[in-house]
Amino acid sequence: MARPKRTYRCRSCGASPTTWAGQCPACSEWATVEEVTGAEARVAALAGAGGAGGATVQALVDVGTGAVFPAPTGVDEIDRVLGGGLTPGSVSLLGGEPGVGKSTLTLQLAVSVAAQGASVLLVAGEEAPAQVAARAARLGPLPPTLAVLDDTSVPAVVAALEAVRPQVAIVDSIQMVRADEVDGPPGSVSQLKASTEALISAAKQLAVSIILVGHLTKDGSLAGPRVIEHLVDTVLTFEGDRAGQLRYLRAVKHRFGPTTEVGLFEMTGGGLAAVADPAGRFLADRQAGLAGSVVVPVLEGRRPILVEVQALAVEVPNPPGRVAVQGVDSRRLAMLSAVMVRRMGIPVNRQDVFVSCAGGAAAKEPGADLGVVLALASSMLNRPLPPDLVVCGEVGLGGELRAVPQLDLRLQEAYRLGFRSAVVPSSAGRGPTGMAVSRVATVADAVATIRFGSTPV
Ligand code: TYD
Ligand code: MG
């Protein structure tokens, strides 16, 4: 290993001779050359490597981590997604389609933080203060530390942040904010960038956590807020079927924590509520004994959720048939259909194929592969799978079954909800006591292992 390079400097003229010398080679003074150590030496070494040049360069080990810890918002599902809460001085973008519930969610967060005694500033761009107050009042008693600003110009917002010094500020929405020195209407790319940059610098200076609400549309044509995603610390998306009640909160970018967790909410008459038993949420209306139906424990973040995958295959006179999916990945289905044709001899390509997840759920991860294959096989045989069965496993192109993450956890949740048998890849563990777990190597083995019910009349 190379010895660390020593660095020397002349106390008199500041020169950096490469070796120690009794007389400085630059200014000829005697006994002024000395070794530099620590942070100074590291910077000098960087300069020697052509780096520093007088700029504020520091060796990374000398930079403090400035560790700041997230402050819980008190809305548990939000804190779960953020890895604890909102980091002081951070700026987050909350994106979602109009009407999905962004204002409701941020208002609930605001009321919750203010109820802890912290000061919160709402910047109302979309609704009048009286409307905001009326909405907030529906969510619970109004804490006195919850304030609203009825002005969306950047200087006014920054002045209010300086005056109030809130712990959290919510800007609803960033598309309504105006940076005076920039041309273009609010919501234009230049306006979005300029106002976001100004708010980011205010957030850092005042250690305020700012949440920017941004409207996204499904087709992406008006996807304005995307242009600020790289500027902010955290990008949250709020999704769900507007007609249905379920909402998913995800972090797609997060400088202060993981992006693996999912927050699950239900839109109720009294605002958004955490889903009480997410694992069993989608099984409420399930009818056991239907051909083409199978239950798969999928992972949403780190939580297992049991999803009913349904398939319907109808033979067509002129193949190939149509394919329609909901809640599963259509490219994945194409691959699985090819595997069924080639590895199992099941002619799904000669059918109209419909695959969907009941209740608006989604099963887009590879762990749902086996479920899709078995639901299709069950539909084509017109024979139901056992009602207490769950299946889970990724399917490879050779028809082989592959391991999936957190299988034990998934099977435990399935057991808790009354499922007593499982078909999983051969590499899996034994599963919960009391559950009959069949470990199989291929999809063909899976079909051979399962005792299908009799054909319904
Ligand atoms: P909103 O938060 O205004 O959506 P966004 O800010 O994303 O545009 O809320 C959207 C819908 O939610 C609205 O159509 C009414 C409904 N809603 C409820 O069902 N219950 C409630 O308690 C609230 C506040 C809203
Ligand atoms: Mg809104």
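Just so you know, ligand 1 is whichever comes first in the structure, and atom 1 is the first atom listed for that ligand.
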Problem set entry | Within-cut-off N or O pair, Glu127 and ligand 1, under 3.5 Å | no

For this session: With the side chain counted from C-beta on, respond yes when Leu411 and Val424 share a heavy-atom pair under 4.5 Å apart, and no when they do not.
Result: yes

Problem set entry | atom 11 (C) of ligand 1 touched by protein heavy atom at under 4.0 Å | yes

Exercise. Tell me, do Phe282 and Val298 make a side-chain contact under 4.5 Å, heavy atoms counted?
Worked result: no

For this session: Could you tell me whether Leu107 approaches ligand 1 through its side chain, its backbone, both or neither, with non-hydrogen atoms closer than 4.0 Å?
Result: neither

For this session: Among all protein heavy atoms, pick out the one at the shortest distance from atom 8 (O) of ligand 1; state its residue, atom name and that distance to 0.1 Å.
Result: Gly99 N, 2.7 Å

Exercise. Tell me, which protein residue and heavy-atom name are nearest atom 20 (N) of ligand 1, and how many Å apart are they?
Worked result: Thr268 O, 2.8 Å

For this session: Compare every heavy atom of Val177 with every heavy atom of Pro186, then report the nearest pair and how far apart it is.
Result: CB-O, 3.8 Å

Exercise. Should the pair Asp233-Arg255 be classified as a salt bridge under the 4.0 Å nitrogen-to-oxygen rule?
Worked result: yes

Exercise. Counting backbone and side chain alike, does Ser103 bring an N/O/S atom below 2.8 Å of the Mg ion (ligand 2)?
Worked result: yes

Exercise. So is Glu97 in contact with ligand 1, going by heavy-atom distances below 4.0 Å?
Worked result: yes

Exercise. Tell me: protein heavy atom nearest atom 23 (C) of ligand 1, and distance?
Worked result: Arg138 NH2, 3.8 Å

Problem set entry | Part of Met267 within contact of ligand 1 (heavy atoms, under 4.0 Å) | side chain

Exercise. Hey, does Gly96 sit under 4.0 Å from ligand 1 if you only count heavy atoms?
Worked result: no

Problem set entry | For atom 4 (O) of ligand 1, closest protein heavy-atom neighbour | Gly101 N, 3.1 Å

For this session: Determine, for Arg250 against Glu300, whether the closest basic-nitrogen to carboxylate-oxygen distance falls under 4.0 angstrom.
Result: yes

Problem set entry | Donor-acceptor contact present, side-chain Arg402 to main-chain Glu394, <3.5 Å | no

Seminar exercise, completed: the protein heavy atom lying closest to atom 6 (O) of ligand 1 turns out to be Ser103 OG, 2.7 Å

Exercise. What do you reckon, does Val213 put a non-hydrogen atom under 4.0 Å from ligand 1?
Worked result: no

Problem set entry | Residue pair Glu261, His254: steps toward the side-chain hydrogen bond (donor to acceptor under 3.5 Å, both in side chains) verdict | CA-CA 11 Å; Glu261 267 306 343; His254 193 22; over 6 Å; no

For this session: Could you tell me whether a side-chain N or O of Lys102 sits under 3.5 Å from a main-chain N or O of Asp172, the two making a donor and an acceptor?
Result: no

Exercise. Is the shortest distance from a Lys or Arg side-chain nitrogen in Asp352 or Arg322 to a carboxylate oxygen in the other one below 4.0 Å?
Worked result: yes

Exercise. Atoms of ligand 1 less than 4.0 Å from Gly271 heavy atoms?
Worked result: 21 (C), 22 (O)

For this session: Please write down residue, atom name and distance for the protein heavy atom closest to atom 2 (O) of ligand 1.
Result: Thr104 OG1, 2.5 Å

Problem set entry | Contact (N/O only, under 3.5 Å) between Pro98 and ligand 1 | no

For this session: Ignoring hydrogens, tell whether any protein atom lies closer than 4.0 Å to atom 14 (O) of ligand 1; use the non-hydrogen atoms only.
Result: no

Exercise. Is the shortest heavy-atom distance from the side chain of Ile78 to the side chain of Gln108 under 4.5 Å?
Worked result: no

For this session: Could you tell me whether Arg135 and ligand 1 have an N or O pair separated by under 3.5 Å?
Result: yes

Exercise. Just by distance, do the side chain of Arg420 and the backbone of Tyr415 share a donor-acceptor pair under 3.5 Å?
Worked result: yes

For this session: Indicate yes or no: does Arg135 engage Glu126 in a salt bridge with an N to O separation below 4.0 Å.
Result: no

For this session: Identify, by atom number and element, the atoms of ligand 1 in contact range of Gly269, meaning under 4.0 Å from any of its heavy atoms.
Result: 20 (N), 21 (C), 22 (O)

